[in-house]
Number of protein chains: 2
Amino acid sequence: MYCCIMYSKELLKGTLEVIVLKLLSEHGKMYGYELSQKVKEETEGKIHLKDGSLYPALHKLTKDGILTFEEVSIGKRVRKYYKLTSKGEEQKETLLDEMRDFIKTIEKVIFSDLKTSPAI
Amino acid sequence: MYCCIMYSKELLKGTLEVIVLKLLSEHGKMYGYELSQKVKEETEGKIHLKDGSLYPALHKLTKDGILTFEEVSIGKRVRKYYKLTSKGEEQKETLLDEMRDFIKTIEKVIFSDLKTSPAI
DNA sequence: TTGCAATATATCATAATATGATGTATTGTT
DNA sequence: AACAATACATCATATTATGATATATTGCAA
């Protein structure tokens, strides 16, 4: 599977989990491939969850009680539909709050311009 | 040296370099300890560059030609004042643009609310 | 004046995690 | 029949922040 990430790898670290939890919360239940397609679509290809990252993450989140899944047969193919547990819902809220706050703080440090915006 | 980071470790990954470059660009020249104090101050303690992260990063950036430094003796103590090279200035711009775009994209995926904002 | 906090640097083993490579198999299209 | 897309998976590697640890100076308060 090929990649095309617009951002340096480092920036994306830690983002995967938040994205997965947000999408699952929003759509109820989704399977791995569907998740990766959805992200690609919503970011116009800018973020691509690689399967080498996604599937291990889904396994880990399941092991940690954040997700559960049910297997659904589509012909001879088996899909694993994942959804949030109640613990997962809480975790999602925590991570979203954290991300919001993180972005706010980063913006303050990084995009402040001492020369032009002394106001506010 | 003690820590108190409000964010999960993962979120901070990749952020250190951008912060360092931005601050150096803004202040001309700074030494390691000064950098960590500045960040702590500007983020009200929310982000704390640990010396175990900062110094290796400064060494690496120097090795990569992004930074240079000059040693200044303050009494018996020696400070290393770092500043951006011209390559470092370019790198700073690149990383800032990347960060801007990254935040915009992440916000679109993560903070979109399908229920309340079908418009646009 | 003694001891502690702050200043200032540094290194290293460890942990976490995304990645690329690689593999298997099915389904739909040309 | 061949190929792209669908759908899952594993693993060695690379990157990087962290905590622990170390050294030494300086200023301040008891």
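Protein chains get the first letters and strands the later ones, always in sequence-line order, with residue 1 at the start of each.
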Ignoring backbone atoms, test whether B:Tyr31 places a side-chain nitrogen or oxygen under 4.0 Å from the OP1 or OP2 oxygen of C:dA8. yes
Is any side-chain N or O of A:Lys50 closer than 4.0 Å to OP1 or OP2 of C:dA18? no
Rounding to a whole Å, what distance do you find between B:Lys40:NZ and C:dA8:P? 12 Å
Flag the pair B:Lys38 and B:Glu34 as a salt bridge only when some basic side-chain nitrogen lies within less than 4.0 angstrom of an acidic carboxylate oxygen. no
Applying side-chain contact (heavy atoms from CB on, under 4.5 Å), can you list everything that pairs with B:Glu89, at least two apart in sequence or on another chain? B:Ser25, B:Leu84, B:Lys92
When you compare the protein's N or O atoms with those of nucleotides 27-30 of chain C, which come within less than 3.5 Å of each other, and at what distance?
| unit_1 | atom_1 | unit_2 | atom_2 | d |
| --- | --- | --- | --- | --- |
| C:dT27 | OP1 | A:Lys76 | N | 2.8 |
| C:dT27 | O4' | A:Arg77 | NH2 | 3.3 |

Distance check needed: C:dA16 P versus A:Leu16 CG, whole Å only. 17 Å
Residue list, side-chain contact (heavy atoms from CB on, under 4.5 Å) with B:Val39, at least two apart or on another chain: B:Ile19, B:Leu23, B:Thr43, B:Ile47, B:Leu49
Check side-chain hydrogen bond (donor to acceptor under 3.5 Å, both in side chains) between A:Lys60 and all other residues, then give those that pass, not counting sequence neighbours. A:Asp64
Let me confirm one number: the CD-CG distance from B:Glu93 to B:Leu95, rounded to the nearest 0.5 Å. 10.0 Å
When the distance from CD of B:Glu17 to P of D:dA17 is rounded to whole Å, what number comes out? 9 Å
Nearest to the side chain of A:Arg79, heavy atoms from C-beta on, is which of D:dC8, C:dA8, C:dA10? D:dC8
If the condition is side-chain hydrogen bond (donor to acceptor under 3.5 Å, both in side chains), which residues does A:Lys108 pass it with, not counting sequence neighbours? B:Glu44
Result block: side-chain N/O donor-acceptor pairs under 3.5 angstrom for residues 65-74 of chain B, not counting sequence neighbours:
| unit_1 | atom_1 | unit_2 | atom_2 | d |
| --- | --- | --- | --- | --- |
| B:Glu70 | OE2 | B:Lys29 | NZ | 2.3 |

Please give, in whole Å, the distance from C:dT19 C1' to A:His48 NE2? 12 Å
What integer distance in Å separates B:Ile19:CD1 from D:dT16:P? 15 Å
Using a 4.5 Å cut-off on heavy atoms from C-beta on, say whether the side chain of B:Glu90 contacts that of B:Lys87. no
Of C:dA8, D:dC8, C:dA10, the nucleotide closest to the side chain of B:Tyr33 is C:dA8
Counting the atoms with a prime plus P, OP1 and OP2 as sugar-phosphate, which does B:Gly52 contact under 4.0 Å by heavy atoms, base, sugar-phosphate, or nothing? base
Within residues 54-72 of chain B, which residues have any heavy atom lying less than 4.0 Å from an atom of DNA chain C? B:Tyr55, B:Pro56, B:His59
Rounded to whole angstroms, how far apart are CG on B:Asp51 and P on D:dA17? 14 Å
Could you list the residues that satisfy ring-ring contact (aromatic ring centres under 6.0 Å, His included) with B:Tyr31, not counting sequence neighbours? B:Tyr81
Just compare C:dT7, D:dA9, D:dA5 and give me whichever is closest to any side-chain atom of B:Gln37. C:dT7
Can you check the A:Leu49 CG to C:dT19 P distance for me, whole Å? 8 Å
Among D:dC8, C:dT9, C:dA18, which nucleotide has an atom closest to any side-chain atom of B:Lys80? C:dT9
